[in-house]
Amino acid sequence: MINREERFKATLHHPLQTIPIAIEPHGNIPNTPLSVVTIAFLLGIIFALGALTFLVGGFSATWWATYQLGFFVASWAAFHWAEFAVTAGWNLEKCSVDSFLLDNGALYHIANGTALLEYVVTLHYKPTSKSYRYCSMIGIVLVLFGQSLRSIAMVHASTSFSHTLVYKKRESHKLVTDGVYAWFRHPSYAGFFYWALGTQLVLQNPLSFFLFFILLWRFFYYRTRAEEQTLVSFFGNEYVRYRQKVGTKIPFIP
């Protein structure tokens with residue numbers, strides 16, 4: 001007869017299980033299926049409201065409910081949902097409630113809050129500063145490109161991808177150099193970089209655009225330096241040769 005402990009171990013690889021094998025959840029959000037479906041449900045509502053606002057071109061009866069804000073809200077919800085969905089579909093061993101990336105540090109939420117504040121304040125006091133439609137269109141393209149690049153990179157890397165830095169090589173860990181990785185050395189980072197900057201072009205936020213650029217560049221610069229030291233220790237000259245051939249495609253990060 002199978003005891004409870006054995007039954008529990010047997011569920012670790014079950015598609016509906018949110019207990020990851022490779023990493024330990026932060027613990028700030030309960031790592032349960034109930035938390036997962038609740039977050040997904042709320043993100044779905046946010047996405048639907050934002051997408052509707054964007055598709056109808058905003059609601060004139062409410063001065064702040066613009067197509068720009070609708071797109072920003074929808075893209076934010078879609079990003080966090082996609083992070084979990086791709087991890088659950090192609091990297092289940094690392095999937096947990098943290099895969100939504102909502103527990104992403106206070107600075108991340110402060111930056112997004114600052115962007116929203118800048119948009120609403122400038123829209124209220126100087127609405128003409130948000131009237132450059134071509135700027136928002138460029139931002140929309142950049143958001144769609146960045147989201148696609150990041151999600152494709154995560155799918156292609158599969159179990160070799162991790163939201164956190166890994167310092168111990170696992171048996172399933174391999175060096176991925178084909179697909180989007182043949183064009184971008186860190187496509188998931190480049191994708192998020194351009195996605196985030198695109199959101200600020202959509203909102204036409206010059207201050208937040210500059211702030212996002214500085215913060216993201218600094219984060220990814222030091223992140224890639226640390227990660228590449230580990231990758232060299234994992235794969236040796238194979239990674240060194242790959243690094244020499246393929247750039248990050250993030251400005252000023254070789």
Side-chain angles (χ1 to χ4, degrees), residues 71-72 75-76 78-83 85-87 90-91 94 99 101 104-105 107-108 111-112 115 134-166 173-254:
F71 184 86
F72 173 79
S75 61
W76 179 88
F79 168 78
H80 287 285
W81 177 86
E83 290 295 296
V86 173
T87 305
W90 286 269
N91 198 2
K94 298 187 183 77
S99 300
L101 291 191
N104 210 18
L107 187 59
Y108 172 77
N112 280 302
Y134 67 89
C135 182
S136 292
M137 293 302 105
I138 293 173
I140 289 171
V141 172
L142 206 56
V143 166
L144 296 177
F145 167 76
Q147 180 66 70
S148 299
L149 178 61
R150 181 173 174 87
S151 294
I152 290 171
M154 291 172 63
V155 169
H156 192 66
S158 186
T159 57
S160 293
F161 180 86
S162 178
H163 280 125
T164 58
L165 290 178
V166 177
H173 199 171
K174 65 177 183 177
L175 179 61
V176 183
T177 60
D178 58 347
V180 292
Y181 287 85
W183 299 92
F184 297 84
R185 195 162 76 243
H186 297 284
S188 64
Y189 296 165
F192 183 80
F193 182 83
Y194 292 115
W195 175 89
L197 293 183
T199 63
Q200 298 314 298
L201 287 178
V202 171
L203 296 177
Q204 298 178 34
N205 280 346
L207 294 179
S208 292
F209 181 90
F210 179 75
L211 175 67
F212 274 43
F213 185 94
I214 296 299
L215 291 177
L216 289 171
W217 183 89
R218 186 178 185 278
F219 175 80
F220 286 132
Y221 178 83
Y222 289 106
R223 173 94 171 201
T224 55
R225 300 310 94 177
E227 183 171 325
E228 291 186 358
Q229 287 182 0
T230 302
L231 289 170
V232 169
S233 70
F234 285 178
F235 303 104
N237 289 332
E238 183 183 5
Y239 185 79
V240 173
R241 290 192 295 269
Y242 169 67
R243 182 171 60 183
Q244 291 171 344
K245 292 190 299 183
V246 181
T248 65
K249 305 300 191 296
I250 299 175
F252 314 116
I253 299 181

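Remember, it's a predicted structure, so these values are computed and weren't measured experimentally. For the single chain, residues carry numbers from 1 onward in sequence order.
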Query raised in the report: Which heavy-atom pair separates R185 from P254 by the least distance, and what is that distance?
Result: NH2-O, 2.6 Å
Query - CG on L101 to CH2 on W81, rounded to 0.5 Å - result: 14.0 Å
Query raised in the report: Does the gap between the ring centers of F79 and F192 come in under 6.0 Å?
Result: yes
Query raised in the report: For R241, what residues pass the side-chain hydrogen bond (donor to acceptor under 3.5 Å, both in side chains) criterion, not counting sequence neighbours?
Result: none
Query - Reported CD-to-OG distance for the pair E228 and S233, which is rounded to 0.5 angstrom - result: 12.0 Å
Requested in this report: Take F209 and Q204, measure what side-chain contact (heavy atoms from CB on, under 4.5 Å) needs, and give me the verdict at the end.
Outcome: CA-CA 8 Å; F209 181 90; Q204 298 178 34; over 6 Å; no
Query raised in the report: Which distance, rounded to the nearest 0.5 Å, do you find between the CG of L207 and the CD of Q200?
Result: 10.0 Å
Query raised in the report: Is there side-chain contact between L165 and T230, with at least one heavy-atom pair below 4.5 Å?
Result: no
Report task. Please confirm whether the backbone N or O of S160 pairs with a side-chain atom of K174, one donor and one acceptor, at under 3.5 Å? Result -> no
Query raised in the report: Which pair of heavy atoms, one from S99 and one from T87, lies closest together, and at what distance?
Result: OG-CG2, 3.6 Å
Requested in this report: First locate atom OG1 of T224, then atom CD of E227, and finally report the distance between them rounded to the nearest 0.5 Å.
Outcome: 8.0 Å
**Report entry** With sequence neighbours excluded, residues passing side-chain hydrogen bond (donor to acceptor under 3.5 Å, both in side chains) with Y194
**Finding:** none
Query raised in the report: Does a sphere of radius 6.0 Å around CZ in R225 hold more than 12 heavy atoms from other residues, nucleotides or ligands, not counting ones at 6.0 Å or beyond?
Result: yes
Query raised in the report: Which pair of heavy atoms, one from R223 and one from Y189, lies closest together, and at what distance?
Result: NE-OH, 2.8 Å
Query raised in the report: Distance-only, no hydrogens or angles: does the K94 side chain make a donor-acceptor pair with backbone N or O of F161 under 3.5 Å?
Result: yes
Report summary line: One should read off an interatomic distance between W217 CH2 and I250 CD1, to the nearest 0.5 angstrom, of 10.5 Å
Query raised in the report: Between Y242 and F184, which heavy-atom pair has the shortest distance, and what is it?
Result: OH-O, 3.5 Å
Query raised in the report: Quick one: are the ring centres of F193 and F212 less than 6.0 Å apart?
Result: no
Report task. Could you tell me which residues satisfy ring-ring contact (aromatic ring centres under 6.0 Å, His included) with H80, sequence neighbours excluded, listed by chain and number? Result -> W76, Y108
**Report entry** Side-chain heavy-atom pair H173, F235 within 4.5 angstrom cut-off
**Finding:** yes
Show me, pair by pair, the donor-acceptor contacts under 3.5 angstrom made by side chains of residues 142-151, not counting sequence neighbours?
{"unit_1": "Q147", "atom_1": "NE2", "unit_2": "S151", "atom_2": "OG", "d": "3.0"}
{"unit_1": "S148", "atom_1": "OG", "unit_2": "L144", "atom_2": "O", "d": "2.8"}
{"unit_1": "R150", "atom_1": "NE", "unit_2": "E83", "atom_2": "OE1", "d": "3.3"}
{"unit_1": "R150", "atom_1": "NE", "unit_2": "E83", "atom_2": "OE2", "d": "2.8"}
{"unit_1": "R150", "atom_1": "NH1", "unit_2": "S188", "atom_2": "O", "d": "2.9"}
{"unit_1": "R150", "atom_1": "NH2", "unit_2": "E83", "atom_2": "OE1", "d": "2.9"}
{"unit_1": "S151", "atom_1": "OG", "unit_2": "Q147", "atom_2": "O", "d": "3.2"}

Query raised in the report: Between Y239 and R243, is there a cation-pi geometry (under 6.0 Å to ring centre, at most 45° from the normal)?
Result: no
Query raised in the report: Any side-chain heavy atom of F71 sitting closer than 4.5 Å to one from S136?
Result: no
Query raised in the report: Among all residues two or more places apart in sequence or in another chain, which pass the side chain to side chain contact (heavy atoms under 4.5 Å, CB included) test with V155?
Result: V86, W90
Query raised in the report: Do the side chains of V232 and V240 get nearer than 4.5 Å, heavy atoms only?
Result: yes
Requested in this report: Provide the full list of side chain to side chain donor-acceptor pair (under 3.5 Å) pairs with a residue in residues 244-254, sequence neighbours left out, each pair given once.
Outcome: none
Report task. Compare every heavy atom of T199 with every heavy atom of S75, then report the nearest pair and how far apart it is. Result -> OG-CG2, 4.1 Å
Report summary line: Rounded to the nearest 0.5 Å, the CZ atom of F72 sits from the CD1 atom of I140 at a distance of 13.5 Å
Query raised in the report: Does the Y181 side chain pair with the main chain of V246, one donor and one acceptor, at a distance under 3.5 Å?
Result: no
Report summary line: Correct closest heavy-atom pair for A196 and L216 would be CB-CD1, 3.4 Å
